[in-house]
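Counting starts at 1 for both ligands and their atoms, in listed order.
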Amino acid sequence: MTILETIRGPHDLKALSGPELGELAEDIRKFLIEAVARTGGHLGPNLGVVELSIALHRAFDSPVDRILWDTGHQSYVHKLLTGRQDFSKLRGKGGLSGYPSREESAHDVIENSHASTVLGWADGLAKANEVLGRPHHVVAVIGDGALTGGMAWEALNNIAAARDRPLIIVVNDNERSYGPTIGGLADHLATLRTTDGYERFLSWGKDVLQRTPVVGQPLYESLHGAKKGFKDAFAPQGMFEDLGLKYVGPVDGHDIAAVESALSRAKRFHGPVLVHCLTEKGRGYAPALEDEADRFHTVGAMDPLTCAPLAPLGNPSWTSVFGDEIAEIGAERPDVVAITAAMLHPVGLTKFAEAFPERVWDVGIAEQHAAVSAAGLATGGLHPVVAVYATFLNRAFDQLLMDVALHRCGVTFVLDRAGVTGPDGPSHNGMWDLSVLQVVPGLRIAAPRDADRLREELREAVTVDDAPTVLRFPKESVGEAVPAIDRVGAMDVLHRADDPQVLIVAVGVLASVCLQAADLLAGGGIRCTVVDPRWVKPVDEQLAPLAGRHRLVAVVEDNSRAGGVGSAVGQALRDAGVDVPLRTFGIPEQFLAHGKRAEVLADIGLTPVEIAGRISAALAAKAAVGRIEESGE
Ligand SMILES: Cc1ncc(C[n+]2csc(CCOP(=O)(O)OP(=O)(O)O)c2C)c(N)n1
Ligand SMILES: CC(=O)[C@@H](O)[C@H](O)COP(=O)(O)O
Ligand SMILES: [Mg+2]
């Protein structure tokens, strides 16, 4: 039996000796590499926090003390130490979540997994402790990447305002987000790292001087008294202390005893303390350490020895089609520039950045800044392409509305991972963009159905220089090309029948699902037209007259049913006085549990069989109403 297998909860850690703790850390690394290779997941970040997680659970009494993880992608070790060691279905349907989950454990508090929120949560929880007179600790673990987010700084400002309210911030500084963390903050953390020499000098001084007869002790005391002056002079590290936070560190985040001792010191301090821990992303696994791009931030299922993917590589990903095309556009258009919020490679900007390094900016985990600075770039005469995951655009809604759209800036937002994403669970589905963006005046949204349309619509988007444009596409591989047989307005007609009864409006990647549904319906004698509007906002002017020639309209979208394309089409029909019943097949208004994308789509009925069945039922219901009306019942 390994030591890890004996750990049922944090209390089991407390009795372990130093060597046993070292063995436990080894067990955990071995476990993580084997388990995450089987299922996929956030391997690099978790390998980096093994000792830190052990030390946290020894120094504090979770769940009475609250240990909070920013983003939560680095909580696997925390799970292992809090009674969750069945990783066989990690991120899969019915298995453990890839993030903290309140349903799974009382030790988990935050599960939103959008970065930079932990300090706000900690501030609130610490205030609640104060008001309710609870003596418990609140500990927030935040990465150097997450610390680049504006929300973290709003929280720091508040935390620093109460100098006697205890709150412990652990900065897990591995010098990376996906790639190296950038900007002034990263530079400042780098400066703090160099104070290591100063700390060692101090402890050497303490040893030597305290042992020196007569003059030693007074000399040490005056040296210690002058500590702040020394630090400022030799190793400027004032920012956190100037803000009003006690700074402890830097601490070797892989030395359990050192981290535990720093945390114990922090616990005794009756105010906000920041403990700066230095860790290595991917620690202990050579392939991760050799991966310069992102240190195995996330991996798919793979062979742990060769790192070869377990699933065969299919068609290229949507991301890579975008990445190739934007690089080509960049070569033709010197005014096209790109912005990423700390995700250069995952959003497909690698080629563009290699070709035009001076025309791409990584702004950190700062989607709001990405949008506003894009407005500035556009006003300055460039055409910015802001590439983010759909779910993270939520952060920048106000900036898109007020800075980009109100100012009529030509900015293209490229939303990867739109629709159901799957294994990352409720926080990562990009299922709200088509709803929240409907209200933005002047905005145009394209939802390509295949790779050719992605290229075509991206090129159309970057020609719009007086309004924002959005392009959205899902995770994973592009399917086969779906050819158009005709055009109506700017819409592609994908399927047509004589004397059609049902108009199916297929949004983006769901076009092929709609065509299969139309085939099934044809088998039952129901004749359909299937169109892909290509640009789903604004609604094409030809859609209402086309709808008027059918008995039922079905809008199929990989987005919340509330307020998406279905709602916009319904509004357009009403405005045009077209009285045809409309059904929207989209994502129900709920947070979707993790699982494979295909499983989640099946669970919510976005499959050809379900859609065909429901269209057929809707048509039958309409016919029944018609018969009742005719007979005057
Ligand atoms: C608002 C938001 N934007 C982007 C992301 C995607 N993302 C997840 S982890 C990560 C990097 C985090 O870096 P850091 O906080 O230093 O943690 P590390 O992985 O290095 O431990 C990013 C950009 C996110 N989760 N939330
Ligand atoms: C935590 C986070 O937000 C990212 O790491 C995300 O999990 C990556 O998702 P993909 O694996 O789809 O790139
Ligand atoms: Mg980091």
Salt bridge (charged side-chain N to carboxylate O under 4.0 Å, His left out) between Arg176 and Asp144, intermediate numbers included: CA-CA 7 Å; Arg176 304 183 70 91; Asp144 54 313; over 6 Å; no
Sub-4.5 Å side-chain heavy-atom contact between Asp558 and Val420: yes
Leu458 side chain reached by Phe322 side chain, heavy atoms, under 4.5 Å: yes
Validation row: Val275, Tyr247 side chains within 4.5 angstrom (heavy atoms): no
Metal environment of the Mg ion (ligand 3), protein N/O/S under 2.8 Å: Asp144 OD1, Asn174 OD1, Arg176 O
More than 12 heavy atoms of other groups within 6.0 Å of Arg66 CZ: no
Within-4.5 Å side-chain heavy-atom neighbours: Pro287 and Phe296: yes
Below 3.5 Å only, please: the N or O atoms of ligand 2 paired with protein N or O atoms, distance on each line.
{"residue": "ligand 2", "atom": "3 (O)", "partner": "His428", "partner atom": "NE2", "Å": "2.6"}
{"residue": "ligand 2", "atom": "5 (O)", "partner": "His42", "partner atom": "NE2", "Å": "2.7"}
{"residue": "ligand 2", "atom": "5 (O)", "partner": "Tyr178", "partner atom": "OH", "Å": "2.9"}
{"residue": "ligand 2", "atom": "5 (O)", "partner": "His297", "partner atom": "NE2", "Å": "2.8"}
{"residue": "ligand 2", "atom": "7 (O)", "partner": "His42", "partner atom": "NE2", "Å": "3.0"}
{"residue": "ligand 2", "atom": "7 (O)", "partner": "Tyr99", "partner atom": "OH", "Å": "3.2"}
{"residue": "ligand 2", "atom": "7 (O)", "partner": "Asp424", "partner atom": "OD1", "Å": "3.4"}
{"residue": "ligand 2", "atom": "7 (O)", "partner": "Asp424", "partner atom": "OD2", "Å": "2.7"}
{"residue": "ligand 2", "atom": "9 (O)", "partner": "Asp424", "partner atom": "OD2", "Å": "3.3"}
{"residue": "ligand 2", "atom": "12 (O)", "partner": "Arg417", "partner atom": "NE", "Å": "2.8"}
{"residue": "ligand 2", "atom": "12 (O)", "partner": "Arg417", "partner atom": "NH2", "Å": "3.2"}
{"residue": "ligand 2", "atom": "12 (O)", "partner": "Lys475", "partner atom": "NZ", "Å": "2.9"}
{"residue": "ligand 2", "atom": "13 (O)", "partner": "Tyr389", "partner atom": "OH", "Å": "2.6"}
{"residue": "ligand 2", "atom": "13 (O)", "partner": "Arg417", "partner atom": "NH2", "Å": "2.7"}

Residue pair His345 / Thr350, side-chain donor-acceptor N/O under 3.5 Å: yes
Geometric class of the Phe60/His137 ring pair [parallel <30°, tilted 30-60°, perpendicular >60°]: perpendicular
His297 and Lys281 side chains, donor-acceptor separation under 3.5 Å: yes
Glu480 atom CD: more than 12 heavy-atom contacts under 6.0 Å: no
Over 12 foreign heavy atoms within 6.0 Å of CD, Glu358: yes
Does ligand 1 have any N/O atom under 3.5 Å from a protein N/O, and what are those pairs and their distances?
{"residue": "ligand 1", "atom": "3 (N)", "partner": "Glu367", "partner atom": "OE2", "Å": "2.6"}
{"residue": "ligand 1", "atom": "15 (O)", "partner": "Ala146", "partner atom": "N", "Å": "2.9"}
{"residue": "ligand 1", "atom": "16 (O)", "partner": "Asp144", "partner atom": "N", "Å": "3.4"}
{"residue": "ligand 1", "atom": "16 (O)", "partner": "Asp144", "partner atom": "OD1", "Å": "3.0"}
{"residue": "ligand 1", "atom": "16 (O)", "partner": "Gly145", "partner atom": "N", "Å": "2.7"}
{"residue": "ligand 1", "atom": "16 (O)", "partner": "Arg176", "partner atom": "O", "Å": "2.9"}
{"residue": "ligand 1", "atom": "19 (O)", "partner": "His73", "partner atom": "NE2", "Å": "2.7"}
{"residue": "ligand 1", "atom": "19 (O)", "partner": "Lys281", "partner atom": "NZ", "Å": "2.7"}
{"residue": "ligand 1", "atom": "20 (O)", "partner": "Asn174", "partner atom": "OD1", "Å": "3.1"}
{"residue": "ligand 1", "atom": "20 (O)", "partner": "Asn174", "partner atom": "ND2", "Å": "2.8"}
{"residue": "ligand 1", "atom": "20 (O)", "partner": "Arg176", "partner atom": "O", "Å": "2.9"}
{"residue": "ligand 1", "atom": "20 (O)", "partner": "Lys281", "partner atom": "NZ", "Å": "3.2"}
{"residue": "ligand 1", "atom": "21 (O)", "partner": "Asn174", "partner atom": "ND2", "Å": "3.3"}
{"residue": "ligand 1", "atom": "25 (N)", "partner": "Ser113", "partner atom": "O", "Å": "3.2"}
{"residue": "ligand 1", "atom": "26 (N)", "partner": "Ala115", "partner atom": "N", "Å": "2.9"}

Distance-only polar pair, side chains of Thr191 and Arg193, donor-acceptor under 3.5 Å: no
side-chain hydrogen bond (donor to acceptor under 3.5 Å, both in side chains) pairs, two or more places apart, involving residues 411-425: Arg91-Asp424, Tyr99-Asp424, Thr319-Asp416, Thr319-Arg417, His383-Thr412, Tyr389-Arg417, Thr412-Thr469, Thr421-Asn429
